Every structure is written in C-alpha cells, then in structure tokens.
Amino acid sequence: MTETSTWATKKGLAQMLKGGVIMDVVTPEHARIAEDAGAVAVMALERVPSDIRASGGVARMSDPAMIEGIMAAVSIPVMAKARIGHFVEAQILEALGVDYIDESEVLTPADERNHIDKHAFKVPFVCGCRNLGEALRRINEGAAMMRTKGEAGTGNVVEAVHQLRDVLAEIRRLQGMREDELFVAAKELQAPYEVVRQVAEAGRLPVVNFVAGGISTPADAALVMQLGAEGVFVGSGIFKSEDPARMANAIVQATTHYQDAKILAEISKGLGAPMRGIAMEAIPPQERLAVRGW
Amino acid sequence: MTTRIGVLALQGAFAEHVAALRAVGAEPVEIRLPVQLEDVDGLVIPGGESTTMRRLIARWGLRQPILNLAASGAPIFGTCAGMIVLARDIVGGEEPVLPLLDVTVERNAFGRQLDSFETELDVPLLGGTPVHAVFIRAPIIERVGPDVDVLARLPGGRIVAVRQGNVLATSFHPELAGETRFHRLVATMAAEHADPGEGSGRAPDLAGRQQRGR
C-alpha cells in the first residue's frame, strides 16, 4: 500500500519548488549563501555554465565528493547534472541520494541519439527544452519537471524568453484544435499523441515548467514569471555578479513579487553589477548549448 | 456570501490549494503582502521550502498579521512546509516562524527525495474513507502538547496530522491527491468565523466587520 518514488512524488517535489529560485553552486559555502538568500534548491556542479563555456573541453558530472559536501551543507533539496544520455552518471547520482537529476545540455552530451530512460530511475529528473515537442519527448521518457534551456552561461535572457514564449504559444495553439487535428499536431511535434491530447485538454504541460539559461537580474526573473514560468533556475547569474548574496536575495524576492513593479523597483536598487553577459551574435553556432538534445 | 480564504503565495504549491478551495466553493485569495490578509477569514500555508517561506514571511512583515488572524479564531491550515512554519518547536533548534501549534516537528524526517512516498491513511475526523496521502521530503510530528488533537498516524504510530483549536496541519499533501475534505473543513470553519450566527454563543464582532468593509 505504501509506495516510494511514485510519479506523484517525483512530479510533486517540483510542485513544491514552484515560485522559487534554484541556484547553481560550486562549493558548500555557495550552497549556504544560496539557502540563506531563500533558494528553494541548489544545483551542485563543479563550474558554473559561464566557466564551462570559457574553458571548453568536455564537461562531465561533478565529483561525487563535492556533491556530497553540498548535500551535507544545506537542508534544501540538492540537484546535480548528468550528461545527456549518460545513464551511468545518473545511476551514480541516484546512489548518492541527490533529490533531482538534471539531464543537462550544459554538460557535453554522452549520446547523440538517445536520452536517458528516466522511467528506469527512482530519483526524479528535470530536462531542458527549447519547444513543446522537445518538452513532450522528455516527459514521455520520464522527466518529472521541465525547464526551458535558454542559453546557459550568457547572462542574456533573450533565448529564455524566446523558448518560453514558443512553448506556451504552442500549448495555446493545441488548445484551439479539434480533436481530429491533434493527431497531425502530435506528428508535427514528434511527440506521443496521448501526451499531446493531455496538454491540449489541460492547457499546460503535465509537469512543472521552470525557465533557465540567462537570468541575471530580478527584472529578468520577473519577466519570465509574468510570461508564465513557474519558477527560475539561476546559474552563473548569481555567483558571477558583484555581490552574490544580495543578488540571490533580490532574485528570490522578485520571483515572489513578480507582478508588483513598485516592489521590483525597490529590490533592484543598488545590487552592484550583474554578470557581464554575452550577446548571442558573439557566440558561434557550434558553441551554442541549447541545440544539444533533440 | 462566499467565504474568502487566503493562500500564502510567497512560494510553493499555492496554486494547488487555490484550486482545492475553489472546488469546495470558497473564494481563494493569494497572499503576498500583509494588506491582503485584511479581508480573509482563514489562511492556508502551502507546501514548499520552509527555509524560503521563513525568510519571505519575515521580509514582508507577515508574521504578526498572520498571528493576529489566528488569534481572531480564523482557521489556519498548513501542509508539509506549512506545518513546519506553524510548529512551536523544530528539531535542531531552528527558530519557530509562527508558533501556533504546540508540537515539535522534525524536517525531512523520512530522508531525502528517494524516501518520498504515497499511502492510504485513516483520518477518523473526515469519515470512513481513507485519505490518499502524498508525502514529499515530509516532516513528522515528534511531540504534541496537551491541547493538540492527533488526527492521523502512520501504521507505525508516527503522527502526521494534528489540530489545535482553529489550527490544522498535515505532513502530507491532500492538495496533490484531489483530496478536498480538509479544505471543506477549513471552509466550514472560516464561514463559521465570518458569521458565527445566532445562538453560537459568540458575539459577532460587528465593529471589526464594518472596519473591514463587510
């Protein structure tokens, strides 16, 4: 009668994170700063995306010892990243007892055709997407939470906005369809009909949807929340800013009061410099992370 | 008149509680600032991260207004993180947030996410049909004071739902399982608080009503 790691508990943890900020951290000290600022969870990794981008080479799962250090440092949920398709990295992270695995395009993919069979795991997964089809394929593979990818490590919100708008616009388009049109929609989205029909009926993804990749100010967080995000991931945006603790706190406040411009004005004052950021035009196509995964 | 019930919307699964309250015919009101509490007859504190809620409650000055609402007799219902927020004592010595329940809670008492679970639970107060209970990184109640009624226990005896007067709390998430009986109870208590009626033995607080524009 009692059952652990069910779909309801996997998806349910993401529901508890809604309206919150999940922060990338590379040390236990960062993790404590994030928790003190009001983060709902932390993502434990060795280098934030902007450093991964700068250093190049192959980016892999973090050292388990480092992840354990972060798990010991905070009481909030700890997430960690596995490479796309690298189910053994995922097995290792599950064995460590992390609370969520991010099958992430920020790391170098381990498989160019297949994603991880996430149904095979007891630990829940979050996956990135650029559009509705990609989101529904990941959910069909067992992802219990989604995030639009944005373009990680850029401090530039433009891709996050673009992708979130795309996902939500496609959902609205499905809602307006006749039932017999959904078969073709499923074909076009390259997603299973059942999930497509479910989305058309509910008018939303069947799992919680956050935004990631490029959030670096309270206004950025409020922008994506007003557009319909259910919460935000902030990677480089916090610990690459001038005053991480203040920036972290302000982004948390903005994610709660995203509809209140007066409060947003108040909390945006005197935060110091946000991370520097990169224009999309300055990133050669082969260095874009969002195109990883399919 | 529809009963207005606040749902603390600082962070967490507040949308699910909003839907559950709507399903039982109450009018949910999202609460992010103290002024929004002035016109409600009850409050739900949702699941989420208690460390986050603790900071946001303090930052936006919600502590005293919520304590005042509770003192007026309005029902307050906390689930999971909401239960931690309502506890007088927290294992490990964290400061209480809104010490309205004379209980000691232990956070993440079952372990990490891999230990989250679903089960059927008897809650006699809600009738014979068991409650389908979803526990997510759930807290547990280690100690209850003399004025606290235990509403439900796990088969091993651990306490997972309590009531102390107008304050209720559960370790689990009725709002994730389509379970609306807790919300119906809260709505009934809120309606009673809004309008005690004749013969209830309580004088209606007319001055208070008028001040609040009713």
Side-chain angles (χ1 to χ4, degrees), chain A residues 1-22 32 34-42 71 74-79 93-101 121-124 144 204 208 230-231 249-250 252-253 255-260 262-263 267, chain B residues 8-17 30-33 46-60 79-82 84 90-92 94 107-108 110-121 130 132-139 154-156 172-173 175-178:
Chain A
M1 199 172 70
T2 296
E3 219 187 327
T4 57
S5 297
T6 61
W7 180 242
T9 65
K10 288 175 167 182
K11 186 179 128 170
L13 178 55
Q15 287 172 277
M16 297 309 135
L17 302 176
K18 283 191 299 180
V21 184
I22 299 170
R32 278 188 287 267
E35 186 176 46
D36 282 344
V40 289
V42 291
M71 288 165 65
V74 293
S75 65
I76 56 179
V78 176
M79 301 183 166
L93 293 174
E94 182 175 70
L96 288 176
V98 301
D99 297 293
Y100 241 94
I101 295 177
F121 287 80
K122 290 176 83 68
V123 63
R204 56 157 298 136
V208 166
E230 296 186 280
N249 185 274
V252 167
Q253 308 299 335
T255 305
T256 293
H257 292 290
Y258 65 94
Q259 295 159 307
D260 192 324
K262 277 190 181 154
I263 289 182
I267 61 184
Chain B
L8 197 63
L10 298 171
Q11 188 276 317
F14 52 85
E16 288 78 353
H17 281 289
E30 291 185 7
I31 307 291
R32 292 182 178 82
L33 293 169
E49 279 306 313
S50 65
T51 53
T52 304
M53 279 187 224
R54 160 195 296 282
R55 282 165 183 83
L56 290 167
I57 287 170
R59 171 69 179 79
W60 299 101
T79 61
C80 195
I84 298 165
I90 302 171
V91 172
E94 281 178 66
R107 292 180 59 204
N108 303 331
F110 297 92
R112 303 194 71 96
Q113 170 62 11
L114 285 167
D115 305 295
S116 292
F117 65 99
E118 291 179 67
T119 192
E120 303 291 317
L121 213 55
H132 186 76
V134 184
F135 291 80
I136 297 172
R137 287 173 50 97
L154 284 172
F172 52 90
H173 296 281
E175 78 284 3
L176 295 191

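Here is the naming used below: chain letters follow the sequence lines, and residue numbers restart at 1 for every chain. Since the structure is predicted, the reported quantities are computational estimates derived from the model, not experimental observations.
- Distance alone, capped at 3.5 Å, is enough to place a donor-acceptor pair between the A:Thr6 side chain and the A:Thr9 backbone.
- For B:Arg112, the parts lying near chain A are the backbone and the side chain together; criterion is any non-hydrogen pair under 4.5 Å.
- Of the listed residues A:Lys122, A:Glu230, A:Lys11, A:Met71, the one with more heavy-atom pairs under 4.5 angstrom with chain B than any other is A:Met71.
- Only the backbone of B:Ala9 comes within contact range of chain A, judged by heavy atoms closer than 4.5 Å.
- Contact of B:Glu94 with chain A is not made at all, since no heavy-atom distance falls under 4.5 Å.
- Looking at B:Phe110, there are no atoms closer than 4.5 Å to chain A (heavy atoms on both sides), in backbone or side chain.
- Without hydrogens or angle criteria, B:Asp115 side chain to A:Thr4 main chain gives no donor-acceptor distance under 3.5 Å.
- Contact annotation for A:Thr255: neither backbone nor side-chain heavy atoms come within less than 4.5 Å of a heavy atom of chain B.
- With a 4.5 angstrom heavy-atom cutoff, B:Leu10 touches chain A via backbone and side-chain atoms both.
- When each of A:Ala14, A:Gly38, A:Gly12, A:Gly231 is checked for heavy-atom pairs under 4.5 Å with chain B, A:Gly38 comes out on top.
- Looking at B:Leu114, both its backbone and its side chain come within 4.5 Å of chain A, counting heavy atoms on both sides.
- Distance check: B:Cys80 SG to B:Glu49 CD gives 8.0 Å after rounding to the nearest 0.5 Å.
- Both the backbone and the side chain of B:Arg32 come within less than 4.5 Å of a heavy atom of chain A.
- Contact annotation for A:Val78: both backbone and side-chain heavy atoms come within less than 4.5 Å of a heavy atom of chain B.
- Contacts between B:Arg59 and chain A at a heavy-atom distance below 4.5 Å involve the side chain alone, from C-beta outward.
- By number of non-hydrogen pairs under 4.5 angstrom with chain B, the leading residue of A:Pro77, A:Ala41, A:Ser5, A:Gly19 is A:Pro77.
- No donor-acceptor distance shorter than 3.5 angstrom exists from the side chain of A:Asp260 to the backbone of A:His257, with no hydrogens or angles considered.
- Considering CZ of B:Phe135 and CZ of B:Phe117, their distance stands at 4.5 Å, rounded to 0.5 Å.
- B:Gly47 approaches B:His17 most closely through the heavy-atom pair N-NE2, 4.4 Å.
- Using a cutoff of 4.0 Å between basic side-chain nitrogens and carboxylate oxygens, B:Arg55 and A:Glu35 are not scored as salt-bridged.
- Qualifying ring-ring contact (aromatic ring centres under 6.0 Å, His included) partners for A:Phe121, counting only residues two or more places apart in sequence or in other chains: A:Phe125.
- Side-chain atoms of B:Thr52 come within 3.5 Å of backbone N or O of A:Ala39 as a donor-acceptor pair.
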